[in-house]
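Have a look at the structure below, then the notes.
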Number of protein chains: 2
Amino acid sequence: MHSFTEENYLKAIFHLLLKTQSATTNEIAAATGTKAASVTDMLKKLAEKKLINYARYQGVTLTDSGERIAVGIVRKHRLWEHFLVDKLKFKWDEVHEMAEELEHISSTELINRLDEFMGHPQFDPHGDPIPDCNGRISNQHLQSALHLKKDQTGKIAAVADHSPAFLQYLEKTQLTIGQTITVTGLTDYDMALVLNNSQNEFNISREVAKNLLILV
Amino acid sequence: MHSFTEENYLKAIFHLLLKTQSATTNEIAAATGTKAASVTDMLKKLAEKKLINYARYQGVTLTDSGERIAVGIVRKHRLWEHFLVDKLKFKWDEVHEMAEELEHISSTELINRLDEFMGHPQFDPHGDPIPDCNGRISNQHLQSALHLKKDQTGKIAAVADHSPAFLQYLEKTQLTIGQTITVTGLTDYDMALVLNNSQNEFNISREVAKNLLILV
DNA sequence: TATTTTTTTTAGACTTGTCTAAATTAATTC
DNA sequence: GAATTAATTTAGACAAGTCTAAAAAAAATA
Ligand SMILES: [Mn+2]
Ligand SMILES: [Mn+2]
Ligand SMILES: [Mn+2]
Ligand SMILES: [Mn+2]
């Protein structure tokens, strides 16, 4: 059908378009770990196949069929991550690289059965929504913990940084998905957030807070 | 590590070596769906990497490290097939193509956890033995149903033809793995085998019998 | 507006794996 | 043993995806 490479470009463009109107050559190069010249070649090919809208120097958007493919890859990625954590007992910081391979297994019947086997999970281990078999993605309006007001309470719902280092840090400090937290103040020294999670009180840096996504 | 292509060549050579002393260029071409000229190129590359023993015009064998890789692929293939049938409820004639993709997922930790998740199954859905995590393969001495003597009883343990058509035929006639059968005779007309499976009596052609592997 | 900097594209080359056609070697047959 | 046939290898080409270096376009700055 489509090569792994094409799928990876479409997925990268999809993720970039969640943040901006159109994805640029350099952004795509950074996201795919390639050089700008290679990206230009691939953009021509994807445009030829009507998977992206591309005009020289203008950046790109996905066509409907390009987006359908990209969402399909994201669905597979997140369902496989859920499988690895929920069934095979991997930790949430261990599954991304494996999912990067598994997301290219072509059978949609397989992924739909996997979805059913796990009881149609709504979110992956990092709190990201799993598109349904029609490509629909639920949208929770989350906000960064950094923007919580004093004494505001919310539930940790997702993370904005997926690096193993960050995920391991959260695991160690019990800041895992589903935890309810309250912001009780800021430290004078570095404006770190003082949090309360019903048992203990502790501080998190503004950088950590930025990457914690909260459902209020 | 190794490309999908290299893995597929090693796997093909491994399967060929179960039947003969050394695998020939044409056999490998047939098994991999390529042309002889392409095989020669790849054999040079695999020999360069010390994964096969190759001398021009002589056919090839696997080195220890080549065999280790090949057995690893076979282990993955068969474990994934077991997963698809046992957990995702696919039929035994539906899983081969998916396993052809899944066998190239690189993580050995993943496959070991999958193995554990399924309770360390000994055989895949077609009765083929699943190598353990050290590459050891159990060897049952099976014989073709064609060579059963009159009134001899045995258990269907594996199939020699993995084509969906054959597997569907067996499913329909209840000749599935684990069934105990007795050969009660031969028809006069075409020497078909007359079988008894405790409930019914019925005939199977010599071609079908050839591909049914029996544990006596 | 003219100049400098950044971004993007083009040109040309390389790698992997494939092919067809031709040449070579090995195996069969007469 | 010579001639024919079959198997294998070599030669040369191609497609996909990548790269570096250079050119062109766009954006930023003076
Ligand atoms: Mn991931
Ligand atoms: Mn994830
Ligand atoms: Mn199979
Ligand atoms: Mn099998």
Side-chain angles (χ1 to χ4, degrees), chain A residues 1-17 19-62 66 69-70 73 100-101 103-104 106, chain B residues 1-17 19-62 66 69-70 73 100-101 103-104 106:
Chain A
M1 200 60 162
H2 310 97
S3 68
F4 285 20
T5 309
E6 287 174 338
E7 291 185 344
N8 281 336
Y9 274 92
L10 293 173
K11 181 182 61 156
I13 294 167
F14 174 81
H15 286 308
L16 287 169
L17 291 176
K19 309 204 161 186
T20 49
Q21 287 305 104
S22 91
T24 71
T25 300
N26 271 351
E27 287 170 342
I28 297 167
T32 55
T34 58
K35 295 300 166 70
S38 310
V39 172
T40 299
D41 286 345
M42 180 57 79
L43 294 184
K44 287 179 195 163
K45 199 193 308 183
L46 295 174
E48 187 70 36
K49 296 188 178 185
K50 304 248 201 284
L51 299 173
I52 62 172
N53 304 114
Y54 170 62
R56 285 193 344 297
Y57 295 102
Q58 298 298 124
V60 299
T61 57
L62 292 169
I69 293 167
I73 302 298
E100 287 288 303
E101 296 182 36
E103 71 189 6
H104 301 291
S106 60
Chain B
M1 200 61 163
H2 310 97
S3 67
F4 286 18
T5 309
E6 287 174 339
E7 291 184 345
N8 281 335
Y9 274 93
L10 292 173
K11 182 182 58 158
I13 294 166
F14 174 81
H15 286 308
L16 288 169
L17 291 176
K19 310 207 161 185
T20 48
Q21 287 305 105
S22 90
T24 70
T25 300
N26 271 351
E27 287 169 343
I28 298 167
T32 55
T34 58
K35 295 301 167 71
S38 310
V39 172
T40 300
D41 286 345
M42 180 57 78
L43 294 183
K44 287 180 194 163
K45 199 193 308 182
L46 295 174
E48 186 69 36
K49 295 189 178 184
K50 303 245 202 286
L51 299 173
I52 62 172
N53 305 115
Y54 170 62
R56 282 190 350 295
Y57 295 102
Q58 298 298 123
V60 300
T61 57
L62 291 169
I69 293 168
I73 302 299
E100 286 289 303
E101 295 182 37
E103 71 189 5
H104 301 291
S106 60

Correct closest heavy-atom pair for B:L17 and B:S22 would be CD2-CA, 3.6 Å

Side-chain N or O of B:N26 closer than 4.0 Å to phosphate OP1/OP2 of D:dT8: yes

For C:dT24, does OP1 or OP2 lie under 4.0 Å from any side-chain N or O of B:R56? no

State whether A:K35 places a side-chain N or O below 4.0 Å from either non-bridging phosphate oxygen (OP1 or OP2) of D:dT18. no

Return the value, rounded to whole Å, for the distance between atom CZ of A:F4 and atom C1' of D:dT18. 18 Å

D:dA6 phosphate, OP1 or OP2, under 4.0 Å from B:Y57 side-chain N/O: no

Rounded distance in Å - CE (A:M42) to C1' (C:dT9): 16 Å

If you look at every heavy atom in B:E7 and B:E103, which pair is closest and at what distance? OE1-O, 4.5 Å

Distance in angstrom units between B:D41 CG and D:dA11 P, rounded: 11 Å

Are the side chain of B:E101 and the backbone N or O of A:S106 linked by a donor-acceptor pair below 3.5 Å? yes

Check every strand shown and say whether A:S38 touches a base, only sugar-phosphate, or nothing at a heavy-atom separation below 4.0 Å. base

Please state how far atom NE2 in B:H2 lies from atom C1' in C:dT15, giving the value in whole angstrom units. 17 Å

Parallel under 30°, tilted from 30 to 60°, perpendicular over 60°: which one fits the rings of B:F4 and A:F4? perpendicular

Between B:K44 and A:E6, just flag the one whose closest nucleotide in DNA chain D comes earlier from the 5' side. B:K44

Under 4.0 Å between a side-chain N or O of B:T5 and OP1 or OP2 of C:dT16? no

Could you please spell out the steps behind the side-chain contact (heavy atoms from CB on, under 4.5 Å) verdict for B:Y54 and B:L46? CA-CA 9 Å; B:Y54 170 62; B:L46 295 174; over 6 Å; no

On DNA chain D, more 5' by nearest nucleotide between A:Q58 and B:Q58 is B:Q58

In whole Å, what is the span from the CD atom of A:E27 to the P atom of C:dT6? 17 Å

Short side-chain N/O contact to D:dT8 OP1/OP2 from B:T40, under 4.0 Å: no

Atom CD of A:E7 to atom P of D:dA16: distance rounded to whole Å? 16 Å

Counting only side-chain heavy atoms from C-beta out, which of C:dT8, D:dT9, C:dT18 sits nearest to A:T25? C:dT8

